[in-house]
Amino acid sequence: MALERTLSIIKPDATRRNLTGKIAAKFEDAGLRIVASKRIQMTPAQAGVFYEVHKERPFYGELCEFMASGPVVVQVLEGEGAIAKNREVMGATNPKDAAPGTVRADFAESVGENSVHGSDAPETAAVEIAFFFSGLELVG
Ligand code: UDP
Ligand code: MG
C-alpha cells in the first residue's frame, strides 16, 4: 500500500457540539497522522465551489448552506492507504448505515449533517487538499 494524503473536514454540526478532539482522536487511533489542520468558516459560495461535483443533486443548496453555517476544521491526513482508511473511520454517509464505532455512527445527526467529509479517490484528494492548503502548510 502507498503512503497517501487525504482531505478531511470536521463539519459545522460537529464543531458546534465541541467534537473536534474526539473526532481527531479517531483518526490518530486508526494510524492516520494529521499533517495540516486549520479552523475556518466558508461562505456558501466557497462551499459551492468545493462541492461542485454535487451541483446537480437535489441536496446541493442545503449542503452548501450547512457547510457555511459555522466553523469547520479542515485537515490533511497522511498514512498507508489513507484515503480508504479515512473512509472506514468515517462510516457510511447515512449514519443509520454506519458501522458501530465509526465517526458517523457515534456522532452524525442526519445524512446531511454527518460530522465529517473525506476525499474518495487519489485525484479528488489532490484537488481538495490544494483547495485549502499550500504545500508549505503540509508538514509530515
Ligand atoms: N448529502 C445529503 N443528502 C444525501 C446525500 C448526501 O445531504 O442524500 C450530503 C452529506 O453531507 C454528504 C455530502 O452531501 O456527506 C456529500 O455526499 P457524498 O455522496 O459525497 O457522501 P460522502 O462522500 O460525504 O460520504
Ligand atoms: Mg463524497
Side-chain angles (χ1 to χ4, degrees):
M1 229 186 303
L3 190 68
E4 290 178 338
R5 286 176 170 174
T6 190
L7 191 276
S8 168
I9 306 178
I10 300 176
K11 294 184 177 182
D13 66 283
T15 61
R16 178 166 41 77
R17 289 175 290 146
N18 221 17
L19 294 169
T20 299
K22 287 199 173 84
I23 293 173
K26 284 191 188 283
F27 300 147
E28 293 185 335
D29 288 348
L32 294 163
R33 181 173 297 275
I34 301 168
V35 300
S37 185
K38 61 188 171 190
R39 183 173 170 106
I40 60 166
Q41 184 159 3
M42 288 187 273
T43 64
Q46 288 168 330
V49 175
F50 180 76
Y51 275 120
E52 191 116 51
V53 329
H54 292 307
K55 68 173 179 294
E56 305 305 334
R57 313 270 293 271
F59 55 81
Y60 178 68
E62 208 180 343
L63 175 61
C64 297
E65 290 297 326
F66 164 59
M67 290 299 287
S69 68
V72 297
V73 177
V74 290
Q75 299 182 314
V76 179
L77 310 180
E78 183 181 83
E80 293 291 320
I83 296 165
K85 188 176 281 182
N86 181 42
R87 299 288 312 189
E88 267 176 45
V89 174
M90 290 164 62
T93 308
N94 188 335
K96 291 185 183 131
D97 303 327
T102 60
V103 173
R104 283 164 166 172
D106 285 358
F107 302 128
E109 298 193 301
S110 66
V111 66
E113 306 205 359
N114 59 2
S115 303
V116 280
H117 166 86
S119 308
D120 59 11
E123 301 71 31
T124 47
V127 170
E128 291 178 1
I129 289 169
F131 185 83
F132 290 109
F133 294 99
S134 75
L136 276 175
E137 294 176 298
L138 306 174
V139 184

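Whatever order the structure lists them in is the order used to number ligands and atoms, beginning at 1.
Contacts of Met90 with ligand 1, taken as heavy-atom pairs under 4.0 Å, are absent altogether.
The protein heavy-atom contact nearest to atom 10 (C) of ligand 1 is Val111 O, 3.2 Å. Ranking the protein heavy atoms by distance from atom 6 (C) of ligand 1 puts Phe59 CZ, 3.5 Å first. Remark: minimum distance from atom 11 (O) of ligand 1 to any protein heavy atom is reached at Gly112 O, 2.8 Å. The protein heavy atom nearest to atom 25 (O) of ligand 1 is Thr93 OG1, 2.6 Å.
Note on Asp106 versus Lys22: no salt bridge recorded, every NZ/NE/NH1/NH2 to OD/OE distance being 4.0 Å or above. Checked for salt-bridge contact, Arg17 and Glu113 miss the test: no charged N lies under 4.0 Å from a carboxylate O.
One finds the NE2 atom of His117 at 10.5 Å from the OG1 atom of Thr93 (value rounded to the nearest 0.5 Å). Distance check: Asn114 CG to Asp13 CG gives 7.0 Å after rounding to the nearest 0.5 Å.
Checked by distance only, ligand 1 and Leu63 stay at 3.5 Å or farther apart across all their nitrogen or oxygen atoms.
Using a 4.5 Å heavy-atom cutoff, the side chains of Phe107 and Val116 are not in contact.
Ligand 1 lies nowhere less than 4.0 angstrom from a heavy atom belonging to Asp120. A heavy-atom separation below 4.0 Å is not found between His117 and ligand 1.
Atoms of ligand 1 found under 4.0 Å from any heavy atom of Arg87, numbered from 1 in the order shown, are 22 (P), 23 (O), 25 (O). Near Asn114, the atoms of ligand 1 lying under 4.0 angstrom from a non-hydrogen atom of the residue are 10 (C), 11 (O), 12 (C), 15 (O).
For the pair Lys38 and Phe133, the cation-pi test (distance below 6.0 Å, angle within 45°) is passed.
Residue Glu62 places its CD atom among 12 or fewer non-hydrogen atoms of other residues, nucleotides or ligands, all under 6.0 Å distant.
For the residues Glu113, His54, Arg57, Arg104, the heavy atom positioned nearest atom 24 (O) of ligand 1 is part of Arg104.
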| query | Run the side chain to side chain contact (heavy atoms under 4.5 Å, CB included) check on Leu7 and Phe131 step by step: do they pass? | reply | CA-CA 10 Å; Leu7 191 276; Phe131 185 83; over 6 Å; no
